[in-house]
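Some notes on the structure that comes next.
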Amino acid sequence: MSVELISVLGATGSIGRSTLDVLARHPERYRVFALSGYSRLAELEQLCLQYRPQFAVVADEAAAAVLRDGLRAAGLATEVLVGEQGLCDVAAHADVDVVMAAIVGAAGLLPTLAAVRAGKKVLLANKEALVMSGALFMQAVRDSGAQLLPIDSEHNAIFQCLPMDFADGLEQVGVRRILLTASGGPFRELPLERLATVTPEQACAHPNWSMGRKISVDSASMMNKGLELIEACWLFDARPEQVEVVIHPQSVIHSLVDYVDGSVLAQLGNPDMRTPIAHALAWPERVASGVAPLDLFRVGRLDFQEPDLERFACLRLARQAAEAGGSAAALLNAANEVAVEAFLHRRIGFTQIAQLNESVLNSLPATPVESLEAVLAADRSAREAAQQWLARHSG
Ligand code: NAD
Ligand code: MG
């Protein structure tokens with residue numbers, strides 16, 4: 001078997017590091033071709049020394065100069081590229097077989113699309129890219145013949161519970177519903193009146209998963225599950241009403257598929273992203289991921305609850321956006337990125353995230369999305385509206 005070359009976009013993040021951990025277990029199968037990082041330059045340099053990629057991509061020329069010096073001093077021939085163009089170049093490079101799309105937020109859209117358009121095997125962690133540009137993104141996958149494999153643990157679980165030919169339509173393969181599980185995050189049982197005063201530290205202390213700060217806050221508000229509902233609709237060609245969200249606090253069942261004959265298939269495992277990463281990397285084969293075997297005796301029990309849409313208003317907004325279609329999801333995603341950033345900087349309280357999102361979603365019209373320019377315009381207008389909301393409401 002020939003060695004596959006991999007570009008890891010967002011290598012310094014939580015998913016990026018888990019990816020590198022899995023890759024390092026299989027040097028005979030995988031080699032790192034490119035690594036990207038945005039703010040943690042010293043960490044990126046360390047990763048370059050360890051994985052010796054052909055390319056590294058950083059945010060700007062100043063960062064590139066620092067990294068070039070460091071790598072040259074260590075005798076490394078890694079070429080350092082800059083910015084969005086650099087990311088798109090290593091995503092679409094002719095030598096690359098696999099792209100891990102693990103940049104957080106809308107910043108990942110163009111590089112992920114570049115990988116898709118180049119027909120790569122694309123491991124999609126960057127759900128925001130798909131949420132923003134859904135129809136265009138999926139059309140680009142069909143046009144280029146790219147292979148899109150979900151890394152989000154829920155979507156990876158659903159993918160594993162579907163037959164190979166699900167792309168012909170869920171009804172065709174006898175699927176009735178998708179059951180998307182959610183942990184409910186750190187505030188599932190917090191008295192509602194205390195929700196307004198929770199801190200970023202509390203929001204980022206997820207009970208089961210260790211993740212980047214943005215997705216941690218999204219998990220606490222359940223906007224993450226809302227984005228995942230939209231993501232599932234695009235990945236599996238499902239209607240919003242075919243996707244039901246189920247709170248499952250143990251995070252052992254990663255999602256389920258309900259078939260017309262009453263069979264319900266689930267994928268289980270320890271909450272460790274190396275499982276979906278290893279699955280997607282090797283698919284349709286299987287490789288070791290380093291994740292410990294699931295100990296059901298220690299798990300003991302599996303609980304399920306219906307989500308409370310008053311507590312988790314962001315989930316309600318995401319369903320609204322999924323049903324509205326067009327640019328609604330891009331508007332909501334952009335508003336939410338601004339809101340989460342403001343919450344992390346203590347400019348607004350936790351419950352104001354949903355208030356800001358609702359205000360932006362309801363004040364801007366959802367328009368048909370026929371071009372990438374239309375997606376980017378929706379993203380910009382929502383960010384502007386969100387900034388105006390912040391100017392009126394934040395301290
Ligand atoms: P993270 O914050 O730990 O890492 C984000 C990465 O993106 C870093 O490498 C950072 O340098 C890079 N980055 C940030 N802003 C950038 C910008 N403007 N331009 C270029 N690069 C930039 O985030 P994460 O938890 O690894 O999540 C990454 C993506 O994977 C997100 O879309 C998230 O929703 C998704 N995801 C994460 C998990 C998880 O367990 N962490 C699970 C499912 C899905
Ligand atoms: Mg997930």
Side-chain angles (χ1 to χ4, degrees), residues 7-21 34-47 56-60 63 67 81-88 90-91 100-112 114 122-132 149-159 180-185 204 206 208-219 221-232 235 245 248 251 253-255 267 269-277 280 291 333 336-337 340-341 344 379:
S7 288
V8 183
L9 310 183
T12 52
S14 161
I15 291 287
R17 288 179 165 279
S18 292
T19 303
L20 293 171
D21 180 280
L35 296 173
S36 91
Y38 193 67
S39 53
R40 290 174 242 155
L41 201 58
E43 287 176 42
L44 183 63
E45 183 173 333
Q46 267 323 108
L47 293 176
V57 189
V58 295
D60 51 40
L67 185 61
L81 306 180
V82 172
E84 198 160 61
Q85 188 56 51
L87 291 168
C88 292
V90 299
M100 166 53 85
I103 290 173
V104 59
L109 175 62
L110 294 182
T112 306
V122 180
L123 313 190
L124 183 71
N126 179 209
K127 66 192 88 184
E128 295 92 346
L130 179 58
V131 164
M132 291 171 75
L149 290 157
I151 293 299
D152 222 340
S153 57
E154 298 76 5
H155 305 75
N156 185 271
I158 295 160
F159 183 89
L180 196 62
T181 54
S183 69
C204 289
H206 196 277
N208 307 335
W209 298 93
S210 150
M211 309 180 287
R213 281 159 69 81
K214 194 264 180 180
I215 184 176
S216 295
V217 175
D218 283 349
S219 298
S221 69
M222 280 189 81
M223 177 53 89
N224 183 50
K225 211 50 52 179
L227 298 175
E228 290 183 358
L229 162 66
I230 300 168
E231 182 185 13
L235 285 174
V245 173
H248 163 47
S251 298
I253 297 183
H254 299 307
S255 277
Q267 187 260 3
N270 285 319
D272 186 322
M273 290 307 292
R274 290 177 301 173
T275 293
I277 290 166
V291 176
N333 177 68
N336 185 60
E337 287 190 27
V340 170
E341 188 71 15
L344 286 171
D379 179 84

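Indexing begins at 1, ligand by ligand and atom by atom, following the structure's order.
- Residue S14 places at least one N or O, backbone or side chain, under 3.5 Å from an N or O of ligand 1.
- Distances between N or O atoms of I15 and those of ligand 1 include at least one value under 3.5 Å.
- Considering both main-chain and side-chain atoms, G10 comes within under 3.5 Å of ligand 1 through a nitrogen or oxygen pair.
- Every atom of ligand 1 is numbered from 1 in the order shown, and the set under 4.0 Å from a heavy atom of A107 is 17 (C), 18 (N), 19 (N).
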Cut-off 3.5 Å, no hydrogens considered: what does the side-chain donor-acceptor table look like for residues 36-43, sequence neighbours left out?
residue: S36; atom: OG; partner: G10; partner atom: N; Å: 2.8
residue: R40; atom: NH1; partner: T12; partner atom: O; Å: 2.8
residue: E43; atom: OE1; partner: R17; partner atom: NH2; Å: 3.1

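- Counting only protein N, O or S atoms, 3 lie closer than 2.8 Å to the Mg ion (ligand 2).
- The contact set between ligand 1 and E128, taken as ligand atoms under 4.0 Å from a residue heavy atom, comprises 31 (C), 32 (O), 34 (O).
- Interface atoms of ligand 1 facing A11, defined by a heavy-atom separation under 4.0 Å, are 9 (O).
- An N or O contact shorter than 3.5 Å links Y38 to ligand 1 by distance.
- Close approach to G13 involves these atoms of ligand 1, each under 4.0 Å from a residue heavy atom: 1 (P), 3 (O), 4 (O), 8 (C), 9 (O), 26 (O).
- Judged by the shortest distance from any of its heavy atoms, M273 lies inside the 4.0 Å radius around the atoms of ligand 1.
- Remark: the backbone N or O of H254 is not paired with any side-chain donor or acceptor of S153 at under 3.5 angstrom.
- Below 3.5 Å of separation, one finds an N or O of T12 facing an N or O of ligand 1.
- The closest non-hydrogen atom to atom 5 (C) of ligand 1, taken over N224, V104, I151, comes from V104.
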